[in-house]
**Q** 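Sharing a structure here in structure tokens format.
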Number of protein chains: 2
Amino acid sequence: MAILVVGSVAFDSIETPAGRVENCLGGAATFFSLAASYFTPVRVIAVVGEDFTSEHESVMTKRGVDTTGLERANGKSFHWSGSYMENLNEAKTLNTELNVFGDFSPKIPASYADSEYLFLANIDPVLQENVRSQMSNVRMVCGDTMNYWITGHTDKLARVLKGLDALLINDTEAKMLAKNNNLVGAARAILAMGPKTLIVKHGEYGATAFFSDRSFGKGIEHVTLPFRAPALPLSEVVDPTGAGDSFAGGFFGYLASQPELTPLVFKTAMFYGGVMGSFAVERFGTERLQSLDRKEIDLRFALFRGLSHLE
Amino acid sequence: MAILVVGSVAFDSIETPAGRVENCLGGAATFFSLAASYFTPVRVIAVVGEDFTSEHESVMTKRGVDTTGLERANGKSFHWSGSYMENLNEAKTLNTELNVFGDFSPKIPASYADSEYLFLANIDPVLQENVRSQMSNVRMVCGDTMNYWITGHTDKLARVLKGLDALLINDTEAKMLAKNNNLVGAARAILAMGPKTLIVKHGEYGATAFFSDRSFGKGIEHVTLPFRAPALPLSEVVDPTGAGDSFAGGFFGYLASQPELTPLVFKTAMFYGGVMGSFAVERFGTERLQSLDRKEIDLRFALFRGLSHLE
């Protein structure tokens, strides 16, 4: 089933202990689309500037991503500069140039209207809500956000949270959103804000899903215990940029490829999220996500199983 | 099979967001002994002062711990004061009074000589090495250490590391010991220092074992992939003191109860380590570890499995 993703397509300049790159293709919607493309059809809505060439676009179209919703605007694309020199777990933003992204007003192409899954990547919650309200018939909506929206735009974000099947955020964001330093307490508070399920990403320690009694459809037993999927211990993280979006792409891509949302499907999807995140950080930008195949992905899935299972 | 543990028996004064206690029974050897006692016979070597009453001793003896090696010295017992008010993941030491522990010289009772498993809790590496050399016929030796010995007594610690089947330390200590900020790189470096296997404890994120080609005996296939055991997400951590020692007790206690060291036995032991750590933090001091039964422990083991397994 097709996933519609709305978010940023950007150029990134990044420095890490492994080196530096200038203006490589990035953005949450890009990482998400590429990661999800190995599991299910993906349709993207984003805005790019005149510096975005057909070669850039082909990175997505080669992976079968539908770019009908990629709007071209006059000016330059969104540009982000960041450094991981001090801490590989947290980017230090050096510069953000919104450029054409500053006036982004998502338009949904008619050919996207039958998308059954919707991913709201980290953008202004007003835009997330706008797209959400136009896609009221989807089977499942997942979303991401960040500290900027959590602290400065709480009311707008609250409306988005009410419409989410799953929210994917990191530890710091979860504790900030809930104003609670205990992860379990924070998870309970966030589930009370609307999301049926919360996934908290722990970087190199994996991710934990917290379920509510609304996580699964009728007839499926309620899951009370959280679920923790591991991350792969890596001897070198070349570039952490996009790891979280790649996790989301692997997770939601796998979910959308399955006929039914069961607890086991959800948990398996979290493993695929970790798998795609582990690939993403092996190279700068989207490089590693461009040239995978399903066999490599499933071999790594088996590694994740071996890493965590008593068998 | 009996485990001999050498380490501290102490009194702790602790403040956490859940409250405060004065002079409650603590010390690495105490937490380790109680946790391991649910799996296998335990024999303790430690020194205590005149303030250590028969009531304190009965905490251990009631759990079947052999206290023949508990030496009584003139003076006060080791006393530690710590606070977790700012950070539940890391104790802030307010005061350390070594007292009788300052002159600790471990003596091995004749009745302990046939112990097949040896745990060297966090004490001066000179004393660890001393005990190790007197117990040269044991089947397996595990050990702990801390930043104080890593940074200030590197050479002495190096000799201990050469004799260890498994070293159990936390992330910060592993990176400090290896002088490497990447966990996989640090693990490789530490395994090259001597320990056959390294377990890195991640607090609320569980623990990871890194294996070498010497981790298991001949005829057992070499394990190249690390193994990650989860921790239980808890809505309240009353007192983190002793969590790591309780992990070690559950881990090594289970290992010592098994006829053979296989990869599956090792991994299962890590789960039991997490289980005992999760109990320890539910109450102040050793309270929770005093009154468990194996059924409760195995129910929680099943929770850990459900938390992490695709089934």
Side-chain angles (χ1 to χ4, degrees), chain A residues 17-18 84-89 171 174 180-189 198 200 202-210 223-237 262-272 274 300-311, chain B residues 17-18 84 86-89 171 174 180-189 198 200 202-210 223-238 262-272 274 300-311:
Chain A
Y84 299 89
M85 295 306 278
E86 284 166 31
N87 185 353
L88 269 171
N89 292 311
D171 287 73
N180 186 332
N181 263 323
N182 174 278
L183 189 60
V184 177
R188 280 185 197 146
L198 171 68
V200 182
H202 313 307
E204 62 175 316
Y205 299 120
T208 305
F210 294 91
V223 179
T224 51
L225 191 66
F227 184 73
R228 180 162 289 173
L232 192 65
L234 291 166
S235 59
E236 190 187 32
V237 170
T262 66
L264 182 58
V265 163
F266 194 102
K267 293 169 184 179
T268 305
M270 286 185 64
F271 268 60
Y272 277 113
R300 186 157 295 186
F301 181 90
L303 274 189
F304 270 66
R305 219 186 145 97
L307 183 71
S308 57
H309 280 51
L310 296 170
E311 56 191 18
Chain B
Y84 300 89
E86 284 166 29
N87 184 353
L88 270 170
N89 292 313
D171 287 74
N180 186 331
N181 263 322
N182 174 278
L183 188 61
V184 177
R188 280 185 197 146
L198 172 68
V200 182
H202 313 308
E204 63 175 315
Y205 300 119
T208 305
F210 294 90
V223 180
T224 51
L225 191 65
F227 184 73
R228 181 162 287 174
L232 191 66
L234 291 166
S235 57
E236 189 187 33
V237 172
V238 170
T262 66
L264 181 57
V265 163
F266 195 102
K267 293 170 184 179
T268 305
M270 288 186 63
F271 268 61
Y272 277 113
R300 187 157 295 184
F301 182 90
L303 273 189
F304 271 66
R305 217 185 147 98
L307 183 72
S308 57
H309 280 52
L310 297 170
E311 56 193 16

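Just so it is clear: chains get the letters A, B, ... in the order the sequence lines come, proteins before strands, and each one is counted from 1.
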**Q** Chain B heavy atoms under 4.5 Å from A/N87: which part of the residue, side chain, backbone, both or neither?
**A** neither

**Q** Which residues in residues 265-272 of chain A have a heavy atom less than 4.5 Å from any heavy atom of chain B?
**A** A/K267, A/T268, A/F271

**Q** Minimum heavy-atom separation for B/F210 to A/P233, with atom names?
**A** CE2-CB, 4.3 Å

**Q** Which is it for B/Y205 and A/T208 under the side chain to side chain contact (heavy atoms under 4.5 Å, CB included) test, yes or no, and what are the steps along the way?
**A** CA-CA 10 Å; B/Y205 300 119; A/T208 305; over 6 Å; no

**Q** Report the residues that fulfil side chain to side chain contact (heavy atoms under 4.5 Å, CB included) with A/V237, sequence neighbours left out, ordered by chain and then residue number.
**A** A/L88, A/L234, A/P240, A/V281

**Q** Nearest 0.5 Å please: distance from the CG atom of A/L303 over to the OG1 atom of B/T224.
**A** 8.0 Å

**Q** Side chain, backbone, both or neither: which part of B/L307 has a heavy atom under 4.5 Å from chain A?
**A** both

**Q** Highest number of heavy-atom pairs under 4.5 Å with chain B: which of A/A186, A/G206, A/P17, A/P226?
**A** A/P226

**Q** Report which part of B/E236 has an atom under 4.5 Å of a heavy atom belonging to chain A: side chain, backbone, both, or neither.
**A** backbone

**Q** Measure the CZ-CG distance between B/R305 and A/L310 for me, rounded to the nearest 0.5 Å.
**A** 5.5 Å

**Q** Between A/R228 and B/E204, what is the shortest heavy-atom contact and its length?
**A** NH1-O, 2.8 Å

**Q** Is it the side chain or the backbone of B/N89 that comes within 4.5 Å of chain A heavy atoms, both, or neither?
**A** neither

**Q** Are more than 12 heavy atoms from other residues, nucleotides or ligands located less than 6.0 Å from atom CD of B/E86?
**A** no

